[in-house]
Amino acid sequence: MKVKVINQSKHSLPEYQTPLAAGLDLRANLEVPVTIGPLERQLIGTGLFIELPEGYEAQVRPRSGLAYKHGLTVLNTPGTIDADYRGEVKVLLVNLSNEPFVVQDGERIAQMVVAKHEQIKWEAVEVLSETQRGAGGYGSTGKS
């Protein structure tokens, strides 16, 4: 699938890091480094503007290495970029560690997965079909 992109960053376009990767790494596009203190959040621009085909979304997700090593994650995971959005792709990072984290220009800060989606139409009913799980919610399928 081809996706139209305007790259106003200083960096090359995102690439898949391995042949079977689902996500493209997004890079910070910064004039100066940004420090994110413990429990603080910052919106970091990428300099990318995309035009997704109808019926697709882009999901912005954390990079596992940053989350594991530094407690840095994407706050609204996954962040959704709709097909009709034409603004800059930005990443809402949060620092869940006890140490400040400095985001450098060009640093890989998140990954973006493009996925097909459907839109639904509601059908109001009085009863739903029965299942083995039923109304069991949080933790209901775990060990007893």
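Note that the coordinates shown come from a computational prediction; the quantities given were computed from them, not determined experimentally. Keep in mind that the numbers below use all heavy atoms, side chains included, and drop hydrogens, waters and symmetry copies.
- Residues D105 and H11 have side chains that bring a donor and an acceptor to within less than 3.5 angstrom of each other.
- Scanning both residues, S12 and N7, for their nearest heavy atoms gives C-ND2, 3.9 Å.
- Counting only heavy atoms from C-beta outward, the side chains of V102 and V34 never approach each other to under 4.5 Å.
- For the residue pair V74 and A110, the shortest heavy atom distance occurs at CG2-CB, 4.1 Å.
- Between L24 and P14, the shortest heavy-atom distance links the atoms CD2-O, 3.6 Å.
- Remark: K69 NZ is loosely packed, at most 12 non-hydrogen atoms of other residues, nucleotides or ligands lying under 6.0 Å away.
- In plain terms, the two heavy atoms of P53 and A83 that are nearest each other are O-CB, 3.6 Å.
- Using a distance-only test at 3.5 Å, with no hydrogens or angles considered, no donor-acceptor pair links the side chain of T46 to the main chain of R27.
- Linking ILVMFWY side-chain heavy atoms closer than 4.5 Å, directly or via other members, places L75 and L26 in two distinct hydrophobic clusters.
- Of all the heavy atoms in A22 and V113, the pair that sits closest is O-CG2, 3.7 Å.
- Scanning both residues, G47 and E88, for their nearest heavy atoms gives N-OE2, 2.7 Å.
- Around atom CG of L128, no more than 12 heavy atoms belonging to other residues, nucleotides or ligands sit under 6.0 Å away.
- Under a hydrophobic-cluster definition in which Ile, Leu, Val, Met, Phe, Trp and Tyr are linked whenever side-chain heavy atoms come within less than 4.5 Å, directly or via other members, L43 and L96 are assigned to the same cluster.
- A heavy-atom distance below 4.5 Å is not found between the side chains of V60 and P78.
- A salt bridge does not link E15 with R108: every distance from a Lys NZ or Arg NE/NH1/NH2 to an Asp or Glu carboxylate oxygen is 4.0 Å or more.
- Other residues, nucleotides and ligands contribute more than 12 heavy atoms inside 6.0 Å of the CD1 atom of I120.
- A donor-acceptor distance shorter than 3.5 angstrom exists from the side chain of N95 to the backbone of S97, with no hydrogens or angles considered.
- V5 and V89 fall within a single hydrophobic cluster, where Ile, Leu, Val, Met, Phe, Trp and Tyr side chains are chained together by heavy-atom contacts under 4.5 Å.
- Checked by atom type, the side-chain pair E57/Q59 shows a donor-acceptor distance below 3.5 Å.
- Summarising the geometry, atom NZ belonging to K2 is positioned 14.0 Å from atom CD belonging to E51; distances are rounded to the nearest 0.5 Å.
- L13 and M1 fall within the same hydrophobic cluster, defined by Ile, Leu, Val, Met, Phe, Trp and Tyr side-chain heavy atoms under 4.5 Å apart, directly or through other members.
- No donor-acceptor pair under 3.5 Å is formed between the side chain of Q42 and the backbone N or O of L92.
- Tracing side-chain contacts under 4.5 Å through hydrophobic residues (I, L, V, M, F, W, Y), one never reaches L39 starting from L72; they form parts of separate clusters.
- Residue-environment remark: OH (Y16) exceeds the threshold of 12 foreign heavy atoms within 6.0 Å.
- Taking CG of L52 as the start and CZ of R86 as the end, the distance is 7.5 Å to the nearest 0.5 Å.
- For the pair N29 (side chain) and K10 (backbone), a donor-acceptor distance under 3.5 Å is present.
- Between E107 and L66 there is a side-chain heavy-atom pair separated by less than 4.5 Å.
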Point to revise | Check against side chain to side chain contact (heavy atoms under 4.5 Å, CB included), Q8 and F49 | key: CA-CA 8 Å; Q8 293 184 354; F49 299 76; 3.4 Å; yes
**Study point:** Worked verdict on I6 versus I50 for side chain to side chain contact (heavy atoms under 4.5 Å, CB included)
**Key:** CA-CA 6 Å; I6 296 173; I50 62 176; over 6 Å; no
Practice item. Test side chain to side chain contact (heavy atoms under 4.5 Å, CB included) on D25 and R63 and set out the steps. Key: CA-CA 8 Å; D25 285 342; R63 290 195 63 239; 3.7 Å; yes
